[in-house]
Novice: 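Next up is a structure, given as structure tokens.
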Amino acid sequence: MKKWLKIVLISIVSIVVLLGGLLAGFIYKVKNGFPVSYETEKPALNIPQNQPAVLLFSKTTGFRHGESIDASKKMFADMAKQNHWSLYETEEGGAFNAEQLAKFNVVIFNNSTGEVINDEQKKSLEKYVENGGGLIGIHGSGDDSHHWEWYEKNLLGAKFSHHPLKPQLQKATLFLEPLTDSTLLKKLPGQWSHTDEWYVFFENPRSKGFNIIYTINGDKIIPNGNLLWIKDKNFGMGKDHPVAWFKDTGKGRTFYTSIGHTGEAFSKPELVQLLDNAIYWAGKITQQ
Ligand SMILES: [Zn+2]
């Protein structure tokens with residue numbers, strides 16, 4: 001073989017191996033998150049006694065929705081200021097202990113992905129919710145990188161399948177469900193239109209006893225999956241495709257919405273209102 005041909009072949013093989021390795025690494029990260037060290041030292045908290053308190057947790061070890069996390073942090077800071085809530089914003093898990101969690105009305109998993117807290121910290125959060133605390137999950141916090149049974153059962157109620165890829169972001173109309181809880185319905189429109197990355201789950205959380213706030217018509221989106229070698233992956237939510245839901249969990253409350261892939265979503269008044277309501281409801285905060 002000619003020397004130049006050998007060099008070309010070796011170069012091509014090296015590039016293919018390198019790209020394959022990078023792709024495998026990316027898929028692993030999305031599915032599982034990379035192992036990380038857990039923060040176990042209790043942070044110094046300064047929460048005024050007379051204010052509702054919210055813990056905004058945006059740690060990621062899996063896929064990171066950077067733009068969305070930045071935009072939502074700003075939105076939640078503004079919301080807290082307006083409502084006179086105390087907001088503790090962190091990407092470290094040190095506050096996930098019984099004593100410090102008890103200081104909060106609500107914990108928000110803000111596009112948090114991967115295994116972000118250790119087993120003991122998970123247990124503390126489970127007890128916190130079952131004893132009356134509120135837990136809210138946004139978009140990426142509903143993917144399948146968490147590997148946490150209690151969380152999947154009580155916050156999500158469904159196992160994540162995939163998100164559409166062609167196109168990834170699609171416009172859909174959201175339909176409000178008739179609910180009796182006025183806290184959650186406050187100022188929400190009966191219909192609104194929004195472009196997002198619509199997560200597809202293997203089950204419908206409605207069948208697991210969750211209450212639905214908003215659905216889209218799942219027959220009107222193109223749900224093709226995000227694994228390149230699986231064509232037309234369309235796991236089954238069908239027409240009734242919830243995008244925001246909630247339930248009582250023990251004495252506490254859990255709320256999840258799959259909305260929130262883009263930073264732009266957090267400037268939509270409808271999403272801001274939905275999350276505002278969710279915090280009041282999950283945190284059992286009395287409306288002023
Ligand atoms: Zn996303």
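Atoms within each ligand, like the ligands themselves, are counted from 1 in listed order.
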Novice: Verify the neighbour count for atom NZ of Lys127: are there more than 12 heavy atoms of other residues, nucleotides or ligands below 6.0 Å?
Specialist: no

Novice: Show the numbers, then the answer: is there a salt bridge (charged side-chain N to carboxylate O under 4.0 Å, His left out) between Lys74 and Asp78?
Specialist: CA-CA 6 Å; Lys74 195 184 171 306; Asp78 292 345; 3.1 Å; yes

Novice: Does the separation of the ring centres of Phe210 and Tyr256 fall below 6.0 angstrom?
Specialist: no

Novice: Below 2.8 Å of the Zn ion (ligand 1), tally up the protein N/O/S atoms for me.
Specialist: 4

Novice: Using ring centroids (six-membered ring only for Trp), state whether Tyr280 and Trp85 fall under 6.0 Å.
Specialist: yes

Novice: Centroid separation under 6.0 Å, is that true for the rings of Phe96 and Phe57?
Specialist: yes

Novice: For the ring pair His162 and Phe160, is the centre-to-centre distance below 6.0 Å?
Specialist: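 Centroid distance His162-Phe160: not below 6.0 Å, so no.
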
